[in-house]
2 protein chains.
Amino acid sequence: MKIGELSRATGANIETIRYYERIGLLPAPARTAANYRSYGPAHRSRLSFVRHSRELGFTIEEIRSLLDLSDDPARDCGEADRIATAHLGQVEAKIAQLVLLRDELARIVGRCRGGIAADCRVIEALGDHSRCESQH
Amino acid sequence: MKIGELSRATGANIETIRYYERIGLLPAPARTAANYRSYGPAHRSRLSFVRHSRELGFTIEEIRSLLDLSDDPARDCGEADRIATAHLGQVEAKIAQLVLLRDELARIVGRCRGGIAADCRVIEALGDHSRCESQH
DNA sequence: CTTGACCCTGTAGTTGCTACAGGGTGCATA
DNA sequence: TATGCACCCTGTAGCAACTACAGGGTCAAG
Ligand SMILES: [Zn+2]
Ligand SMILES: [Zn+2]
Ligand SMILES: [Zn+2]
Ligand SMILES: [Zn+2]
């Protein structure tokens, strides 16, 4: 299959597929006589793995480690679990931080009563963290 | 005050301060005889505004609009309110998305029972979105 | 008189793509 | 046969918001 078909099959953008090849995340495929990339089912499933992992927020380097692991099926899967658990922890930390942020923003936004910029509580609050009720 | 003092006073990195000047977010300050940047209280409060807004997740372009507004105190503050409200909406959307992600990751991580990579449910789940219970 | 802490400019790197520019290929239609 | 169009190629530059040098200048203390 050509790159356009692979793109439609996996939802990955064509430029992104070439990018993954360039950084060594996907192996360089065979070429046709016209120098077009020619992919098989193994490329397709590897790319699906990459895209799905990206959608779940894993970084390219984490995905590289996960792929190394699945390329060597005899290895212990502890590292995969460790990477996924660490990532889950990061997502939870990010959520906690965004919740603080949201609450602070909601307080700030709620203070505007309209009028001129000189009297605006939103602008005032943005200039002075000591009015905040949380850390961020 | 010199750039190092301003940096300590606001928590902004020195390189970041020069970067803000370069992109026109902070005005170019006066220079000493030795060509050192020399800042006053107005610079300091403007930079505090910028850093605080960045900590609250506003983009540079949003901050530019907010600064324009506070530079012109007679203007109506409706736009500041609009920017902050829109940003609050984005934070809420991001939280909702991360919560879905977290739940999916927790499901995936919980499936690993140890063993070899070939049998790992984590690696399997990463390769196949149809095993997911939510969109992302 | 030299050491160390500062400051300067300009450029390149980071992450994960995305968007061209400027070309080649392959097939259907007028 | 021409020609239009969709598709493919390489290589480079751009995005956000910084951060990290390299290679220099300035200044006060010991
Ligand atoms: Zn207001
Ligand atoms: Zn604050
Ligand atoms: Zn496992
Ligand atoms: Zn999924």
Side-chain angles (χ1 to χ4, degrees), chain A residues 1-26 28-39 43 46-67 83 87 90-91 94 97 101 136, chain B residues 1-26 28-39 43 46-67 83 86-87 90-91 94 97 101 126 136:
Chain A
M1 90 203 299
K2 285 189 285 179
I3 198 167
E5 289 171 82
L6 182 65
S7 168
R8 282 186 296 275
T10 60
N13 186 311
I14 289 178
E15 322 259 32
T16 303
I17 298 171
R18 288 197 282 244
Y19 168 70
Y20 287 161
E21 180 183 329
R22 203 160 59 240
I23 65 172
L25 207 59
L26 297 182
R31 298 292 182 122
T32 68
N35 198 33
Y36 289 5
R37 287 173 179 82
S38 179
Y39 296 97
H43 290 103
R46 195 177 179 93
L47 180 54
S48 295
F49 185 101
V50 171
R51 285 312 307 161
H52 193 216
S53 300
R54 284 291 302 131
E55 278 159 16
L56 289 164
F58 288 92
T59 66
I60 298 283
E61 289 314 305
E62 286 166 340
I63 295 169
R64 218 186 274 279
S65 304
L66 291 167
L67 283 170
I83 293 171
H87 181 54
Q90 282 166 29
V91 171
K94 186 78 190 172
Q97 189 214 325
L101 219 78
H136 40 245
Chain B
M1 88 203 302
K2 284 188 285 180
I3 199 168
E5 290 171 82
L6 181 64
S7 169
R8 282 186 296 277
T10 60
N13 186 310
I14 289 177
E15 321 259 34
T16 303
I17 298 171
R18 287 197 282 245
Y19 167 71
Y20 287 161
E21 179 183 329
R22 204 160 57 241
I23 64 171
L25 205 59
L26 298 181
R31 299 290 182 124
T32 68
N35 200 32
Y36 289 5
R37 286 172 179 82
S38 179
Y39 297 98
H43 290 102
R46 194 177 179 91
L47 180 53
S48 295
F49 185 100
V50 171
R51 284 312 305 162
H52 194 215
S53 301
R54 284 292 300 129
E55 278 158 15
L56 289 165
F58 289 92
T59 66
I60 298 284
E61 289 315 305
E62 286 167 340
I63 295 169
R64 217 185 276 278
S65 303
L66 290 167
L67 283 170
I83 292 171
H87 181 54
Q90 282 164 29
V91 171
K94 185 81 191 169
Q97 189 213 326
L101 219 77
L126 291 175
H136 40 246

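In what follows, chains are A, B, ... by sequence order, proteins preceding strands, each numbered from 1.
- Checking the phosphate oxygens (OP1, OP2) of dC17(C), a side-chain nitrogen or oxygen of Tyr20(A) falls inside 4.0 Å.
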Open item on the list: Walk along nucleotides 23-28 of chain D from 5' to 3' and tag each nucleotide B, S or - by protein heavy-atom contact under 4.0 Å, base first, then sugar-phosphate.
Closed with: --BBS-
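- Distance Glu62(A) CD to dT15(C) C1': 13 Å, rounded to the nearest Å.
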Under 3.5 Å, N/O pairs linking protein and nucleotides 10-13 of chain D:
unit_1	atom_1	unit_2	atom_2	d
dT10(D)	OP1	Arg31(A)	NH1	3.4
dT10(D)	OP1	Arg31(A)	NH2	2.9
dT10(D)	OP2	Arg37(A)	NH1	3.0
dT10(D)	OP2	Arg37(A)	NH2	2.7

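- Protein atom CD1 of Ile3(A) is 15 Å distant from nucleotide atom C1' of dA6(D), rounded to whole Å.
- In terms of heavy atoms, Leu101(A) sits closest to Gly57(B) at CD2-N, 4.5 Å.
- As judged by a 4.0 angstrom heavy-atom cut-off over every strand, Ile14(A) is placed among residues touching the sugar-phosphate backbone only.
- Checked against side-chain hydrogen bond (donor to acceptor under 3.5 Å, both in side chains), His87(B) has no partners two or more places apart in sequence or in another chain.
- What separates OH of Tyr19(A) from C1' of dT14(C) is a distance of 10 Å, to the nearest Å.
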For residues 13-22 of chain B, tabulate all N or O donor-acceptor pairs below 3.5 Å that involve a side-chain atom, not counting sequence neighbours.
unit_1	atom_1	unit_2	atom_2	d
Asn13(B)	OD1	Glu15(B)	N	2.8
Tyr20(B)	OH	Arg51(B)	NH1	2.7
Glu21(B)	OE1	Arg37(B)	NE	2.7

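- Scanning for ring-ring contact (aromatic ring centres under 6.0 Å, His included) contacts around His52(A) gives His129(B), His136(B), with sequence neighbours left out.
- Listed by chain and number, the residues in a salt bridge (Lys or Arg N to Asp or Glu O under 4.0 Å) with Arg46(B) are Asp71(B) (sequence neighbours excluded).
- For the residue pair Ala12(A) and Ser7(A), the shortest heavy atom distance occurs at O-OG, 2.7 Å.
- Evaluation of the side chain to side chain contact (heavy atoms under 4.5 Å, CB included) rule for Arg64(A) yields Ile23(A), Leu25(A), Ile60(A), Glu61(A) as partners, not counting sequence neighbours.
- Atom CD1 in Ile23(A) sits roughly 9 Å away from atom C1' in dC17(C) (whole-Å rounding).
- The two residues Thr59(B) and Arg54(B) have their closest heavy-atom pair at CA-NH1, 4.2 Å.
- In this structure, Val50(A) and Leu67(A) have side chains that are in contact, with non-hydrogen atoms separated by less than 4.5 Å.
- Nucleotide dC7(D) holds its P atom 14 Å from the CE atom of Met1(A), rounded to whole Å.
- Judged as a ring-ring contact (aromatic ring centres under 6.0 Å, His included), and not counting sequence neighbours, Phe49(A) has no contacts.
- How far OG of Ser53(A) is from CG of Leu66(A): 6.0 Å, rounded to the nearest 0.5 Å.
- Against DNA chain D, the stretch residues 50-60 of chain B makes heavy-atom approaches under 4.0 Å through Arg51(B), Arg54(B), Thr59(B), Ile60(B).
- Overall, the helix from dC1(C)-dG30(D) to dA30(C)-dT1(D) carries an axis bend of 30° between its ends, with five pairs at each end and the value rounded to 10°.
- A distance of 7.0 Å separates CG of Leu26(B) from OH of Tyr39(B), quoted to the nearest 0.5 Å.
- OP1 or OP2 of dT19(D) lies within a sub-4.0 Å distance of a side-chain N or O belonging to Thr16(B).
- A salt bridge (charged side-chain N to carboxylate O under 4.0 Å, His left out) check over residues 1-11 of chain A, counting only residues at least two apart or in different chains, returns nothing.
- Between Ile17(B) atom CD1 and dA20(D) atom P the separation is 15 Å, expressed in whole Å.
- Looking at which nucleotide of DNA chain C each of Tyr39(B) and Glu61(A) is closest to, the 5′-most match is held by Tyr39(B).
- Looking at residues two or more places apart in sequence or on another chain, you find a side chain to side chain contact (heavy atoms under 4.5 Å, CB included) between Ser38(A) and Thr32(A).
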